Colleague: 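Please see the structure below; I have some questions.
All chains are named by letter (A, B, ...) in the order of the sequence lines, taking the proteins before the strands, and each is independently numbered beginning at 1. Given the structure is predicted, the values throughout are model-derived calculations rather than measurements. Computed from heavy atoms alone, side chains included, the values below leave out hydrogens, waters and symmetry copies.
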Amino acid sequence: MYVAVKGGERAIAAAHDWLARERRGDAAIPEIGIDQIREQMGLAVDRVMAEGSLYDPDLAALALKQARGDTIEAIFLIRAYRTTLPRFGASRPIATGAMRCERRISAIFKDVPGGQVLGPTFDYTHRLLDFKLAAEAATSERSQPQPTPQPRADDTPHVADILAREDLIQRENAAPDVHATPDLTRAPLTLPASRALRLQALARGDEGFLLSLAYSTQRGYGRNHPFVGELRIGTVAVEMDIPELGFAIEIGEITVSECESVNQFTGSKTQPAQFTRGYGLVFGRGERKAISMALVDRALRWRELGEENGGAPAQDAEFVLAHADNIQASGFLEHIKLPHYVDFQAELELIRRLRREALAHVGGGA
Amino acid sequence: MSDYNFAYLDEQTKRMIRRALLKAVAIPGYQVPFASREMPMPYGWGTGGVQVTAACLVPEDTLKVIDQGADDTTNAVSIRAFFARVADVATTERTAEASLIQTRHRIPETPLREDQILVYQVPIPEPLRFLEPRETETRKMHALAEYGLMHVRLYEDIARHGEIAKSYAYPVRVEGRYVMDPSPIPKFDNPKLGDCPALQLFGAGREQRIYALPPYTRVESLDFEDYPFKASKPDQPCALCGARDSYLDEVITDDAGTRMFVCSDTDYCRERRDAGHRGLMAAPFEDDADAELPQ
Amino acid sequence: MSTPLLETDGLTKSYGSRIGCADVSFMLWPGEVMGIVGESGSGKSTLLSCLAGHLESDAGQIRYRDRAGETHLPATMSEAGRRRLAREEWAYVHQNPRDGLRMGVSAGGNVGEPLMARGQRHYGDIREAALDWLERVEIARDRIDDPPRAFSGGMQQRLQIARSLVNNPRLVFMDEPTGGLDVSVQARLLDLLRGLVRDLGLSAVIVTHDLAVVRLLADRLMVMQGGYVVESGLTDQVLDDPQHAYTQLLVSSVLQV
């Protein structure tokens with residue numbers, strides 16, 4: 001005897017309860033605090049801010065805690081929260097030239113004004129698990145003999161400006177009117193997309209996706225001979241013009257990572273050769289993403305630079321932009337878990353009928 | 001209780017969506033781009049439908065939410081709970097009592113009225129998407145009404161299978177102009193699209209498109225003159241209520257693969273049984289799983 | 001027949017400082033086949049692209065007279081108008097048949113698509129028309145459901161021709177229609193084309209570097225070099241008695257068959 005299944009509501013409530021218990025884990029172990037996540041899992045926090053498109057380390061830390069460490073789930077929480085926030089206006093473009101750099105390197109010169117500053121990088125660590133870190137926090141009384149290094153106080157000019165002085169590198173377009181820049185979160189994505197819109201999409205885009213695309217260009221799928229002209233990480237001021245005051249005020253400070261790539265030069269007998277460039281910028285310390293973004297940005301510029309579209313995935317703007325957003329991607333991917341039995345029923349019926357007809361055709365002769 | 005505006009979206013966003021809806025109603029079947037917002041449920045889980053519903057809801061509305069034709073599938077439950085929380089509107093499981101119905105993958109069996117709105121959740125709004133992946137190209141095809149490629153696909157089906165092999169999301173032509181994807185409803189539901197007294201709105205959140213069928217619109221399922229469209233379903237009655245005219249779910253009832261067919265539209269089925277209709281496997285429909293089952 | 005079917009006046013197209021084609025003027029009459037010959041870089045492909053509306057010219061005018069007797073300027077038409085012309089009045093045969101076919105669609109679907117694009121909605125009729133055309137281009141009827149990638153190069157080219165002619169165009173543009181095919185296949189294709197052109201009363205503009213093609217198919221001939229038309233006239237006259245030095249060079253360098 002068939003009794004139809006009901007109780008979806010109860011099932012959902014029970015699932016949420018269980019989730020909450022799993023999130024807490026073993027009650028005998030101290031609950032993790034937002035400040036601990038913010039301080040000690042800073043790079044995860046930075047990624048959530050970058051792809052969530054919201055600069056707030058505390059909220060990002062909360063999201064990570066609520067999401068049990070699932071980065072994309074945390075980004076989703078931040079995005080959903082961001083949607084509800086009111087807009088006061090737009091800031092001035094941040095002046096990365098005035099950045100207080102904690103890290104600043106250039107691969108194209110041995111030394112540059114401002115120096116090569118390694119900063120707190122993993123680059124030269126040996127990837128050997130440090131079991132001392134597994135010891136209880138209370139017992140690992142590491143003394144901190146030196147004071148925390150400070151970022152450079154002096155101005156650090158952009159390396160690209162050095163090349164630009166000799167006209168060796170293409171100039172970026174003059175700063176456009178900030179109010180004319182489209183906002184990807186307020187207007188639907190339209191193709192073909194301007195570089196400004198593409199950069200927005202890339203800045204919010206999934207790090208893994210951009211990493212793989214950038215890697216693919218290095219392996220020949222739209223190769224553009226990239227050099228890291230400059231990578232800089234540090235704090236910049238955010239300034240906003242207040243009409244009532246008649247001048248701009250600083251409303252805060254954020255940490256960003258900026259990468260300028262120097263790429264394959266173009267030119268001809270009549271047009272002097274110049275290096276081309278790509279650009280990457282992310283919230284927080286996200287250099288892998290910033291470098292990837294610069295390479296993908298450059299790959300997508302083939303048309304305005306008069307290059308051939310070799311058909312590489314990284315050169316296909318529609319492909320890249322449509323699939324870069326991991327919230328859209330994960331949502332649609334995971335939606336296939338939802339019931340689809342009505343459509344499947346229709347397919348079952350169709351396939352049964354086709355099979356019946358095919359078998360009849362074979363069995364019953366011409 | 002709410003820190004949120006009525007129905008979650010702020011008024012600016014609702015205004016933006018309503019403008020898109022007006023455009024959509026003015027051009028039946030045409031996909032209007034809109035700035036889809038990030039919602040508290042994932043893309044692909046009904047954000048388009050939820051945004052359209054949120055933009056249309058007024059406090060006096062009575063809301064019904066169904067998924068696969070049923071009110072108590074998990075996602076329908078989740079969405080209904082969402083609106084109960086952020087809009088505090090009355091909800092119902094009865095099609096006849098609802099003023100706004102949000103649906104995924106089915107059209108209710110009970111005929112709709114002029115005072116009702118049906119909101120569809122749409123995953124992929126572009127009917128040409130699987131023939132032509134580039135949006136720049138499909139936009140042109142719609143603008144110039146160049147739909148030959150669509151019919152090529154149908155031709156290929158007939159050449160290979162002897163019939164058109166599209167069983168759901170069956171493309172339609174609206175008022176003889178735009179080709180539209182009616183969302184993944186089974187083709188059995190297609191005839192209900194045309195000449196419908198209710199307003200039908202379609203929302204695709206992730207793809208950022210809204211489209212609409214105003215009441216009493218001419219909607220034709222694509223076909224060939226000598227291979228006309230047939231709305232089909234399993235040739236069975238509902239095992240619970242005996243209905244021969246409703247779309248059926250196949251339910252596997254034991255390990256041996258025994259199966260039975262029951263109405264996909266749970267409200268329709270319940271109504272028929274309340275009215276005394278009984279199918280072959282008729283049993284009282286138990287709301288409480290602990291209640292004793294009759295022998 | 002007092003107005004030409006297709007007419008150009010001083011047609012010019014450059015790529016930066018490089019000349020594509022320059023100052024090309026001619027008239028094409030209904031039922032005429034015009035050949036355009038030259039080596040690569042002569043400008044003949046650029047000219048064809050401008051005529052067919054694939055490229056925008058820098059100077060000069062193109063005039064086309066449609067079935068209803070109306071004259072159009074394709075370069076200034078709306079995209080919708082141009083696409084309608086391309087669908088209902090013109091045909092384009094690509095050098096590489098893959099560029100003119102849908103490789104993922106069956107032969108029947110390929111030939112039927114132009115009919116469906118014009119509103120044909122009877123499967124049986126579409127299939128009959130496709131079968132009919134397959135026969136006309138000498139493809140076995142039982143190949144109708146095969147995809148083009150199952151065909152040889154010559155067969156693909158014949159399929160492309162069927163697809164391009166099924167809507168009874170008045171003007172056919174052909175870009176090296178026999179290019180890439182081996183000699184015996186070429187001969188068969190040329191024969192087929194000659195028969196079709198004659199039976200259907202087609203007008204055509206054929207671009208080729210192969211003089212045998214124009215000898216067989218073209219009534220008139222234009223010889224291009226460096227973007228300019230250096231000689232034109234009746235095919236036999238130009239080939240048998242070339243006046244311009246370049247034409248003489250072309251003619252003399254062909255192995256006489």
Side-chain angles (χ1 to χ4, degrees), chain A residues 1-12 15 53 76-84 86-87 183-192 316 318-319 322 325 327-336 338-354 357-358 361, chain B residues 4 10 33-40 42-45 47 67-69 72-78 81 104-106 123 134-136 161-163 165 167-169 184-188 206 208-209 232-234 239-240 247-251 253 260 262 264 266 281 283 285-287 289 293:
Chain A
M1 163 127 26
Y2 176 68
V3 177
V5 170
K6 278 192 86 89
E9 219 159 321
R10 268 180 289 151
I12 289 180
S53 293
F76 188 9
L77 286 166
I78 292 296
R79 290 269 192 98
Y81 183 74
R82 181 188 191 277
T83 303
T84 67
R87 301 291 185 92
D183 184 343
L184 198 56
T185 67
R186 293 277 144 168
L189 176 68
T190 45
L191 296 153
D316 185 337
E318 192 165 339
F319 180 79
D325 187 315
I327 300 306
Q328 289 183 13
S330 63
F332 197 55
L333 173 76
E334 298 197 48
H335 107 283
I336 63 179
L338 290 178
H340 283 76
Y341 54 81
V342 161
D343 293 338
F344 190 71
Q345 181 61 50
E347 291 283 83
L348 272 178
E349 205 218 325
L350 172 66
I351 197 177
R352 282 174 181 147
R353 188 168 63 245
L354 292 177
E357 282 159 22
H361 186 78
Chain B
Y4 299 103
D10 60 276
F34 83 108
S36 176
R37 294 283 188 263
E38 245 115 26
M39 301 293 284
Y43 286 115
W45 296 56
T47 56
D67 184 342
Q68 313 295 294
D72 76 329
T73 38
T74 42
N75 209 38
V77 168
S78 175
R104 176 169 173 267
H105 296 189
R106 285 278 355 257
R134 292 165 301 166
E135 199 264 349
T136 41
H161 300 292
E163 62 177 271
S167 65
Y168 60 91
I185 54 177
K187 69 176 186 173
F188 174 80
R206 189 184 43 88
Q208 306 181 316
R209 296 287 185 275
S232 57
K233 69 168 198 73
L240 296 181
Y247 192 76
L248 304 172
D249 294 335
E250 185 171 324
V251 181
T253 52
M260 58 186 270
V262 297
S264 146
T266 51
M281 300 275 246
F285 196 86
E286 294 299 341
D287 272 292
L293 303 174

Colleague: Measuring heavy-atom distances to chain A, does B:Thr73 have an atom under 4.5 Å in its side chain, in its backbone, in both, or in neither?
Modeller: side chain
Colleague: Check this for me: does any side-chain nitrogen of one of A:Asp183 and A:Arg87 sit under 4.0 Å from a carboxylate oxygen of the other?
Modeller: yes
Colleague: Under 4.5 Å heavy-atom distance to chain B, tell me which part of A:Leu354 shows up: side chain, backbone, both or neither.
Modeller: side chain
Colleague: Could you have a look at B:Ser264, B:Ala165, B:Pro234, B:Ser78 and say which one has the most heavy-atom pairs with chain A under 4.5 angstrom?
Modeller: B:Pro234
Colleague: Among the options A:Pro339, A:Ala187, A:Ala80, pick out the one with the most heavy-atom pairs lying under 4.5 Å from chain B.
Modeller: A:Pro339
Colleague: Just checking, any donor-acceptor pair under 3.5 angstrom between side chains of B:Ser36 and B:Gln208?
Modeller: no
Colleague: When you measure from the side chain of B:Glu250 to the backbone of A:Gln345, do you find a donor-acceptor pair of N or O atoms at a distance under 3.5 Å?
Modeller: no
Colleague: Heavy-atom pairs under 4.5 Å with chain B - which of A:Thr83, A:Asp343, A:Thr190, A:Thr185 has more of them than the others?
Modeller: A:Asp343
Colleague: Let me confirm one number: the CZ-CG distance from A:Phe332 to A:Asp325, rounded to the nearest 0.5 Å.
Modeller: 14.0 Å
Colleague: Pick one of side chain, backbone, both or neither for A:Ile12, based on which atoms fall under 4.5 Å of a heavy atom in chain B.
Modeller: side chain
Colleague: Flag yes if more than 12 heavy atoms outside A:Tyr81 fall under 6.0 Å of its OH atom; otherwise flag no.
Modeller: no
Colleague: Using non-hydrogen atoms only, which part of B:Arg206 is less than 4.5 Å away from chain A: side chain, backbone, both, or neither?
Modeller: both
Colleague: Restricting to non-hydrogen atoms, name the atom on A:His335 and the atom on B:Arg104 that form the minimum distance, rounded to 0.1 Å.
Modeller: CD2-NH2, 4.3 Å
Colleague: Would you mind checking which part of A:Glu347 comes under 4.5 Å of any heavy atom in chain B, side chain (CB onward), backbone (N, CA, C, O), both or neither?
Modeller: both
Colleague: Between A:Pro86, A:Ala346, A:Ala358, which has the largest tally of heavy atom pairs under 4.5 Å with chain B?
Modeller: A:Ala346
Colleague: Would you indicate whether the side-chain heavy atoms of B:Trp45 and B:Asn75 approach each other to under 4.5 Å?
Modeller: yes
Colleague: Between B:Tyr247 and chain A, which part of the residue has a heavy atom less than 4.5 Å away: side chain, backbone, both or neither?
Modeller: side chain
Colleague: Would you mind telling me which of B:Gly69, B:Pro184, B:Ala169 has the largest number of heavy-atom pairs within less than 4.5 Å of chain A?
Modeller: B:Pro184
Colleague: For B:Thr136, is it the side chain, the backbone, both, or neither that has a heavy atom closer than 4.5 Å to a heavy atom of chain A?
Modeller: both
Colleague: At a heavy-atom separation under 4.5 Å, does A:Leu189 approach chain B through its side chain, its backbone, both, or neither?
Modeller: both
Colleague: Can you confirm whether A:Phe344 is buried at CZ, in the sense that more than 12 heavy atoms of other residues, nucleotides or ligands lie under 6.0 Å from that atom?
Modeller: no
Colleague: With a 4.5 angstrom heavy-atom cut-off, which part of B:Thr47 approaches chain A: side chain, backbone, both or neither?
Modeller: neither
Colleague: Taking side chain as everything from C-beta outward and backbone as N, CA, C, O, which of these in B:Ala81 sits under 4.5 Å from a heavy atom of chain A? Side chain, backbone, both or neither.
Modeller: neither
Colleague: Considering residues, nucleotides and ligands other than A:Ile351, do more than 12 of their heavy atoms fall under 6.0 Å from its CD1?
Modeller: no
Colleague: Which bit of A:Tyr341 is near chain B, if near means a heavy-atom gap under 4.5 Å: side chain, backbone, both or neither?
Modeller: both
Colleague: As an exercise: rank B:Arg209, B:Glu163, B:Lys187 by heavy-atom pairs under 4.5 Å with chain A and give me the winner.
Modeller: B:Glu163
Colleague: Does B:Ala35 offer a backbone N or O that forms a donor-acceptor pair with the side chain of B:Arg37 under 3.5 Å?
Modeller: yes
Colleague: Do A:Leu338 and B:His105 come within less than 4.5 Å of each other through their side chains, counting heavy atoms only?
Modeller: no
Colleague: With chain B, which of A:Glu357, A:Arg186, A:Glu9, A:Arg82 has the greatest number of heavy-atom pairs at distances under 4.5 Å?
Modeller: A:Arg186
